[in-house]
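One structure below.
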Amino acid sequence: MSDFNTDLPLSARAMAARPAPYLEGLNPAQRQAVEALDGPVLMLAGAGTGKTKALTARIAHLLNSGRAFPSQILAVTFTNKAAREMKLRVGGYLGEAVEGMPWLGTFHSISAKLLRRHAELVGLKSSFTILDSDDQLRLLKQLIAATNIDEKRWPARLLAGIIDQWKNHAWTPEQVPAREASAFNNRGTEIYAAYQDRLKTLNACDFGDLLLHCIRIFQVHPDVLETYQTRFRYILVDEYQDTNIAQYLWLRLLAGGHKNICCVGDDDQSIYGWRGAEVGNILRFERDFPGATVVRLEQNYRSTPHILAAAGQVIAGNEGRLGKTLWTEAETGEKVRLIGHWDGEEEARWIGEQIEDLQRGTRGLAPFALNQMAILVRASHQMRAFEDRFLTIGLPYRVIGGPRFYERMEIRDAMAYFRLAVSPGDDLAFERVVNTPKRGLGSETQKKIQRIARVNGVPLVQGAAMAIEAGEIKGKGAAQLRRLIENIARWNHSVSGTFTPSTVSNDELIIDDEDVGVAARVFESGASAESHIELAEQILEESGYTEMWLNDKTPEAPGRLDNLKELVKALESFENIQGFLEHIALVMDNDSDGSVDKVSIMTLHGSKGLEFPVVFLPGWEDGLFPSQRSMDETGSKGLEEERRLAYVGITRAEQLCTISFAANRRVYGQWQAQMPSRFVDELPADHVDILTPPGLYGGGGMAATMAQSSVEDRAMRADAYNSPGWRRFQAAQSRPAAQPRQASKMVIDGTALPVFEEGARVFHTKFGYGRVASVDGDKLFVEFEKSGPRHIVARFVVPADQADDLPF
DNA sequence: AACAGTTCTTAGGTA
DNA sequence: AAGAACTGTT
């Protein structure tokens, strides 16, 4: 643990050169948060209150005051983007002298780093691979198949989700509580245990394991824990409201000694409950860490008063908050704008026009660049309408947080080849690409290979070789398979040759002595003229993978080839392939070029931490936002989380925030009448402008009604939209006009649904006639005459006597 | 084993 | 509506 020697000159120099530039321009609260260095600190930082500024200033202060060297600060974020930004800003405070903070990163990347050092303590080798969700799913499918469970009724996806949640709670298979025993057809824990065994055999772990293994190591080996408790003299955690139980335990163990832990967060922005985040962590902080200093950052530097008021009113509907009141010195500015549209397409059209207007600088506001505008949607499928429209009118846009670069099929395939080159025994990689490109090795052949490998207790490649020798695989397939096996062996040899230990330029991969030691053990250096980049190209070439896409005539093929080129290019910043594999598994996200002027389209979740002068929030309709699923799953808890999402959305806006909803939207390919979101009702009338879109055709919709009611009386309008009755009225208004437009397809009516009572005879398009056995809200339990008893959502059935009226 | 055509499922967010 | 999963045919 040689952290001390290298860093010393830095802080000395920084201290002498600049007294404390990072303290300048901090408000009193921020300053308090920065200067309370010792002991537990909770920084409750509302949206736009200069949280990152305070956090980075705190790091600078720790370094500058001589309390810690860069390597003695553990700073944890959730996203790589946040980690990168913090690095950049800390560097900015202290000048280039900062070599970087080796322990600033995401929970996952830091855990991976720790785990590589101590892998053997949990029965792994330090060269373990990190599974992506594809691998994980494939593995689970195999395990499910081995248990005689019907995979249709119990899909691997579901199990993956369950295991994920268990890991979020830091439960090993033995620790899963008894009340969970019924999970996955009573076999959940059993398969979970089998899965963990399998991972160990494969020398692999999934994302959750990165943390769990670390926790386990800390718990079982107090000496190791103590090493790190001593090393990390100060701990900082960003977005604390998003931590799950495993992360909480991880932190508590590491902070256990000195308790110099500073957690930053905002309970009002906790939006990841669905993936295991525990708001309770932040609500409980003062009990977990007695004597904690609690600092509230409430002065907002981002948004206008109207925007803050709207956000504040909405979030006030939640209970159990720690409570903050944002205030600002900013000028009044524009009110939040609210507008309803006929349908989703029109909403997209209108927003497109607005963006063009704002770009030109109408409305008395200064012109905005496209980069300054964003559309934040609840669900990613909403993005489509905007993409379609913007393509039509030629408006440049960028989708943020779509499928990540490394999640694309071609990248995963290429990565699987690289993984095979690095470790030929990587069975999951082998399975992925044995028959990609097509080598005439179908499922039957693959089963043979698996059987032989299992019987002999060897990896699949070796099993494949044995299968050929034993004459179990013949003909074309055998020849192709033989070539693949030879290729893998040769690539593997080359990989060893291209490894050259030296300083890595990329700061994600700072290699200290220990790391080099590990790497050197894994890769004996040998002479080879090839660079790892040439090797990568060679692998893609010789495997036939590039050729496969060259011969592919689908429109996506060129794009995929481009991606492969990009992948190879990305290798340039690494010294070797295996370092690259680590990076891509954990760190790489596709930050598309921010230099080009484009409108951003992203999900509300993806927008957290960002800000834009102009923000559009479309699709505020009940069922979509708040999402029905969220409310179904966790009831009022879910609704509160949705409300926080609304709060996050509104507070992204600096100057202009526009909320909209549509009366009709296509859901699962079917038109549905929509009701404005209940959050629309929660907006404060005094801070909202209701817009009437010019040229809204038809005139029967709710927008037209708003126009008519625009009759001089603002209060009346406000009152109108602010009452629950208003939205019913509007929904009702829009309906008659909806039918003719979609003459062939019936618009399923939101409010005029027949109310079903027990015993009623009903008809369903697919299941035929049946009798309602019980009613639970809009869910019916129907005993169908032909297809037996089923749970059905009421809107899918009609009274039996109306069966003829169905248009399908 | 590969392909084409068909049916079924899916449409919350993510490291 | 779109993609995945499945079926039957060559």
Starting from [atom2] on [N], measure out to [atom1] on [X] and report it in whole angstrom.
| X | N | atom1 | atom2 | result |
| --- | --- | --- | --- | --- |
| A/L131 | B/dA15 | CG | P | 17 Å |
| A/Q670 | B/dT10 | CD | C1' | 14 Å |
| A/Q241 | B/dG13 | CD | P | 20 Å |
| A/Q136 | B/dT14 | CD | P | 17 Å |
| A/L376 | B/dG13 | CG | C1' | 13 Å |
| A/L210 | B/dA15 | CG | P | 14 Å |
| A/K167 | B/dT14 | NZ | C1' | 16 Å |
| A/R157 | B/dT14 | CZ | C1' | 13 Å |

Using only side-chain N and O atoms of [X], determine if any of them is under 4.0 Å from OP1 or OP2 of [N].
| X | N | answer |
| --- | --- | --- |
| A/R378 | B/dG12 | no |
| A/T445 | B/dA1 | yes |
| A/N435 | B/dA2 | yes |
| A/R384 | C/dA2 | yes |

Decide whether a cation-pi geometry holds between A/R275 and A/Y272; the criteria are a distance under 6.0 Å from NZ or CZ to the six-membered ring centre and an angle within 45° of the ring axis. yes
Geometric cation-pi criterion A/R116 and A/F128, 6.0 Å radius, 45° cone: yes
Candidate nucleotides [options], ranked by approach to the side chain of [X] - the nearest:
| X | options | result |
| --- | --- | --- |
| A/K141 | B/dG12, B/dA1, C/dA5 | C/dA5 |
| A/H108 | B/dA15, B/dG13, B/dA1 | B/dA15 |
| A/F207 | B/dA1, B/dG13, B/dA15 | B/dA15 |
| A/E641 | B/dA15, B/dG12, B/dG13 | B/dG13 |

Answer yes or no: is there a donor N or O on one side and an acceptor on the other, between the side chain of [X] and the main chain of [Y], under 3.5 Å?
| X | Y | result |
| --- | --- | --- |
| A/Q670 | A/V667 | no |
| A/R439 | A/V433 | yes |
| A/S607 | A/L610 | no |

Under a 4.0 Å heavy-atom cutoff, the residues of residues 269-281 of chain A touching DNA chain B are A/Y272, A/W274, A/R275
Sorted by position of nearest nucleotide on DNA chain B, 5' first, the leading residue of A/H381 and A/F78 is A/H381
Starting from the 5' end of DNA chain B, give me the residue, A/E633 or A/R439, whose nearest nucleotide shows up first. A/R439
Is there a side-chain hydrogen bond (donor to acceptor under 3.5 Å, both in side chains) between A/N563 and A/E410? Walk through the geometry before answering. CA-CA 8 Å; A/N563 287 336; A/E410 66 276 15; 2.6 Å; yes
Check: A/Q269/A/Y647 side-chain N/O donor and acceptor closer than 3.5 Å: no
Residue list, salt bridge (Lys or Arg N to Asp or Glu O under 4.0 Å) with A/E239, at least two apart or on another chain: A/K51, A/K608
Remember a base hit wins even if backbone is also touched, and classify A/Q446 as base, sugar-phosphate or nothing at under 4.0 Å, heavy atoms. nothing
How far does the C1' atom of C/dA5 sit from the matching atom of B/dG12, given to the nearest Å? 23 Å
So for A/T603 and B/dG13, does any side-chain atom that can act as donor or acceptor lie under 3.5 Å from a complementary atom in the base? no
